[in-house]
A.B. asks: 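Okay, here's the structure, questions in a sec.
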Number of protein chains: 2
Amino acid sequence: MSISTVILKKIAKEEGISLGQLQELVTSGKVTIAKNRKTRNKKFCGIGKFLSTKVNANIGTSSEKQDLKEELKKLKAATEAGADTVMDLSTGGDLKKIRKEIIAQSSVPVGTVPIYEAAINAAAKYGTITKMDKSLILDTIEQQAIDGVDFMTVHSGVTEKGLAAIKKDGRLTNIVSRGGSFLAVWMIANKKENPLCESFDEVVKIAGKYNITLSLGDGLRPGSIADSTDKAQIEELTTIAKQANYAVENGVSVFIEGPGHIPIDEIETNVKMAKNLCGDLPLYLLGPLVTDVAPGYDHITAAIGGAIAASFGADFLCFVTPAEHLKLPDVKDIREGVIAARIAAHVGDIAKGVRGAKDWDNEISKYRNLRDWKKQELLSIDPERFRGYHQDKSAISDVCTMCGKYCALKMVEKLWRKRKNQKSKNQKI
Amino acid sequence: MSISTVILKKIAKEEGISLGQLQELVTSGKVTIAKNRKTRNKKFCGIGKFLSTKVNANIGTSSEKQDLKEELKKLKAATEAGADTVMDLSTGGDLKKIRKEIIAQSSVPVGTVPIYEAAINAAAKYGTITKMDKSLILDTIEQQAIDGVDFMTVHSGVTEKGLAAIKKDGRLTNIVSRGGSFLAVWMIANKKENPLCESFDEVVKIAGKYNITLSLGDGLRPGSIADSTDKAQIEELTTIAKQANYAVENGVSVFIEGPGHIPIDEIETNVKMAKNLCGDLPLYLLGPLVTDVAPGYDHITAAIGGAIAASFGADFLCFVTPAEHLKLPDVKDIREGVIAARIAAHVGDIAKGVRGAKDWDNEISKYRNLRDWKKQELLSIDPERFRGYHQDKSAISDVCTMCGKYCALKMVEKLWRKRKNQKSKNQKI
């Protein structure tokens, strides 16, 4: 991984660690800075050990909705809400054009999942994705690297052994990863091993050439809490761990992708297992969602899972929007998803002891105690939302309409202040 | 505590435990069924050990907003969204009238905080709450019991020792509980111990007479994560623990109220400490909120804290709405708050191993796998929200607009189904 000292210095300063420590972390692969060799003028960030937890937002068209303008609005909403990276997961329309436009307009690093384009192009060319061949996959990866993609999910851990585990043990929700299912369909039809796994060295070579970060995708992640921490998932993680170490040894940075749907009491195990098996490399979690029963609120189920995962060491949270499981998210959903994931990331950072994390809480609470609403607004995670709610103003300027004149903070402050004054007065007399 | 066998049988059946076990739990105080002796025809629930986690919603006027009709709409919204109990926290308007109307219209048990009415009446009568006397407090409690309140928060754990701890050690946010601050103001002005503490036996007597559950309020709960798990909080908990045991020994059921704002890595400690100190009595948590920086999203910060707390044994979650810290919640906020708290409760129940909890997830995931949208809608925690999102329909009937024709579940199912058919075919040949 090659990153200029200027960028490293900036990141080290932001994270409150020394340049030397950051350089060591990057060299060992424990911190990843997703940046294509040719990407310039974006806000880069460090993701991994000792750094604050980062947030990714997914945007992109589907076969059903292919409005580039809408996707660019989502991009803007995501970065304005504070996403550290975005992924273009488009599967509908002119994929190359959409990708290039998103890369051009994004202020943060952009990730993709090249197997989508490879599969869709194979389907267009041959009428079936099962005729997608290895060279098409590798060419797509390289072409996207040339386009300037900073990090790419490759589902190289989906293996015949993993699929056999699903088939043998059964699952409630077989495969919920689009990339994973494209590959599974191909593998079963062709009775062959996953080309991304078999030719992982070639994938690493391309990644090295363009300084792409490989996000080792969990194509077999559990899609329901019943399937959590099962054989297929562990099988895939074991494969990914080996591949991750190979990539890092060859100078390519990685993310380890993690599930998915996990019950709350299995999150610690999952995070520690991934961290231990993969030598403490950056862990990128999709959620995790702690229940299956709340479609429409999966930004909340993911915030619960993400906060816990981050507190145990997850480094990078992929947002989940309220639209998850129901529809392609709109601009509003994207915004909600980013803020919920940022809350989770920050909550994790408090537990991780990330420098400055608790200070943020202390600062806003100081102004809450003083009923300084303007300062609270500026310090809140979403000042726009704060303003919206606080428009409902109290007749008394320094309290809100919830407690009005019976504001606990104000009542007590007044009293102790008064007594303090009396005391000084008495002392004078 | 006296509860009819008919009610006990119904609750035991719902919770999937035997009547005998429930009776034992109720007798020992480990399960509370909040029900005023005279309350009839409401949906009662058991709260405590071995039972599913329950959710309370707060409604009520403030000195700034006193619209009874609006409060009744909130009541309806709260119970329709699935709140197991409601608390009328009104501090503005005709308190008695509002309370009686809420009790009359509520389909679930109703709780109150009598010190609000006592303090407000004292202020009206004497011009200051510091002239509130013990008999006014006890009379208010008794009068509310006569009105039919099922459970009451009494901040009997606020002591001079607790206040001294705050004064000595300092806090970022001194006292954030309205009840706690009313009492603190009174105690400091009168240089006297908390009458609810000094006369706790008399409070218990009234509670016993009307079969009221006492919710031992944490008037000194931390209002910022910086103040979490400090001396004042622990001092109060120790006092509450003694009082709780006294109440239970005298046949009065209780809830132990817990904080407040707690960083994610202190929740387990807080829950276990409260459970251990109080002999496993039902624990009622206000949140807990895991960060101070997200006003406008405190239903999410509370869902994170509540889910974790429930997973470690909290029995009863007080909802927090997105309006918390900013304004009196409206109907929409109440709805959001209840659903978020219900998600947290359910997530906790999965970890607790509550009977039927995981089955709900498995059932909805079964229909997700089959892309049966109608069944998913019916099974989702909020079918109304589900419908709203799913209106954005795909051109293909059994997938959604997120993945469209590249639906992972569908692609894989189709393939394995096809192979299965081929296999049977081959076997035939």
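Letters A, B, ... mirror the listed sequences (proteins, then strands); counts begin at 1.
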A.B. asks: So do the side chains of T91(A) and R178(A) get within less than 4.5 Å of each other, counting heavy atoms only?
C.D. replies: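 Yes, close enough: below the 4.5 Å cut-off.
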A.B. asks: Going through the checks in order, is the side-chain contact (heavy atoms from CB on, under 4.5 Å) test met by I304(B) and T291(B)?
C.D. replies: CA-CA 10 Å; I304(B) 296 171; T291(B) 174; over 6 Å; no
A.B. asks: Which region of S177(B), side chain (C-beta onward) or backbone (N, CA, C, O), has a non-hydrogen atom less than 4.5 Å from a non-hydrogen atom of chain A, or is it both or neither?
C.D. replies: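 For S177(B), the contact with chain A is made by the backbone alone.
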A.B. asks: I would like to know whether V290(B) and I350(A) meet side-chain contact (heavy atoms from CB on, under 4.5 Å); could you show each step before the answer?
C.D. replies: CA-CA 9 Å; V290(B) 287; I350(A) 294 170; over 6 Å; no
A.B. asks: For chain A, find which of F386(B), Y297(B), W360(B), Y406(B) contributes the most heavy-atom pairs closer than 4.5 angstrom.
C.D. replies: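 The option with the most such pairs is Y297(B).
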A.B. asks: Could you look at I364(A) and say if it's the side chain, the backbone, both or neither that has a heavy atom under 4.5 Å from chain B?
C.D. replies: side chain
A.B. asks: Counting only heavy atoms closer than 4.5 Å, note whether K65(A) contacts chain B via side chain, backbone, both or neither.
C.D. replies: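 The side chain, not the backbone.
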A.B. asks: Pick from R342(B), R335(B), R387(B): which one makes a salt bridge (charged side-chain N to carboxylate O under 4.0 Å, His left out) with D382(B)?
C.D. replies: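 Of R342(B), R335(B), R387(B), salt bridge (charged side-chain N to carboxylate O under 4.0 Å, His left out) with D382(B) is met by R335(B) alone.
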A.B. asks: Flag the one option from L370(A), I300(A), V399(A), D330(A) with the top tally of heavy-atom pairs under 4.5 Å to chain B.
C.D. replies: I300(A)
A.B. asks: How far apart are the C-alpha atoms of L220(B) and L163(B), what are their side-chain angles, what is the distance that settles it, and do they pass the side-chain contact (heavy atoms from CB on, under 4.5 Å) test?
C.D. replies: CA-CA 8 Å; L220(B) 304 185; L163(B) 294 182; 3.9 Å; yes
A.B. asks: For each of C407(B), P322(B), G305(B), A340(B), tally heavy-atom pairs with chain A at distances under 4.5 Å, and name the one with the top tally.
C.D. replies: P322(B)
A.B. asks: Chain B: which of V293(A), L328(A), L326(A) shares the most heavy-atom pairs with it under 4.5 Å?
C.D. replies: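 The residue among V293(A), L328(A), L326(A) with the greatest pair count is V293(A).
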A.B. asks: For the residue pair C400(B) and Y389(B), establish whether any side-chain heavy-atom pair is separated by less than 4.5 Å.
C.D. replies: no
A.B. asks: When heavy-atom pairs shorter than 4.5 Å are enumerated against chain A, which of T61(B), I381(B), N362(B), D361(B) gives the highest number?
C.D. replies: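 Greatest number of close heavy-atom pairs with chain A: D361(B).
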A.B. asks: Just so I understand: if I count every heavy-atom pair under 4.5 Å between each of G180(B), A357(B), A303(B), G223(B) and chain A, which residue has the most?
C.D. replies: A303(B)
A.B. asks: In chain order, what residues pass the side chain to side chain donor-acceptor pair (under 3.5 Å) check against S228(A), with sequence neighbours excluded?
C.D. replies: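 E266(A).
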A.B. asks: Is it the backbone or the side chain of I396(A) that comes under 4.5 Å from a heavy atom of chain B, or both, or neither?
C.D. replies: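 For I396(A), heavy atoms of backbone and side chain both lie under 4.5 Å from chain B.
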A.B. asks: Return the option, out of A344(B), S224(B), P295(B), with the maximum number of heavy-atom pairs under 4.5 Å with chain A.
C.D. replies: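 Looking at each option in turn, the highest pair count goes to P295(B).
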A.B. asks: Report which part of R368(A) has an atom under 4.5 Å of a heavy atom belonging to chain B: side chain, backbone, both, or neither.
C.D. replies: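 Side chain only.
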A.B. asks: With a 4.5 angstrom heavy-atom cut-off, is it the side chain or the backbone of D333(A) that approaches chain B, or both, or neither?
C.D. replies: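 The side chain, not the backbone.
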A.B. asks: So do N369(B) and L172(A) actually touch side chain to side chain, heavy atoms under 4.5 Å?
C.D. replies: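 When only atoms from C-beta onward are counted, N369(B) and L172(A) do not touch, as no gap falls below 4.5 Å.
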A.B. asks: Less than 4.5 Å to any heavy atom of chain B: does that hold for the side chain of I225(A), its backbone, both, or neither?
C.D. replies: side chain
A.B. asks: When only pairs under 4.5 Å are counted, which of H346(A), H390(A), H299(A), E336(A) shares the most heavy-atom pairs with chain B?
C.D. replies: H346(A)
A.B. asks: List for me each residue that meets salt bridge (Lys or Arg N to Asp or Glu O under 4.0 Å) alongside D265(A), sequence neighbours excluded, and say none if there are none.
C.D. replies: none
A.B. asks: Write down the atom of A232(B), the atom of R171(B), and the distance for their closest heavy-atom approach.
C.D. replies: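 Scanning both residues, the minimum pair turns out to be CB-NH2, 3.8 Å.
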A.B. asks: Output, in order, the C-alpha distance, side-chain angles, deciding distance and verdict of side chain to side chain donor-acceptor pair (under 3.5 Å) for H261(B) and D227(B).
C.D. replies: CA-CA 8 Å; H261(B) 291 236; D227(B) 295 340; over 6 Å; no
A.B. asks: Please classify the contact between H325(A) and chain B as side chain, backbone, both or neither, with a heavy-atom cut-off of under 4.5 Å.
C.D. replies: both
A.B. asks: Just give me the residue among S394(B), P329(B), A123(B) that pairs up with chain A most often, heavy atom to heavy atom, under 4.5 Å.
C.D. replies: S394(B)
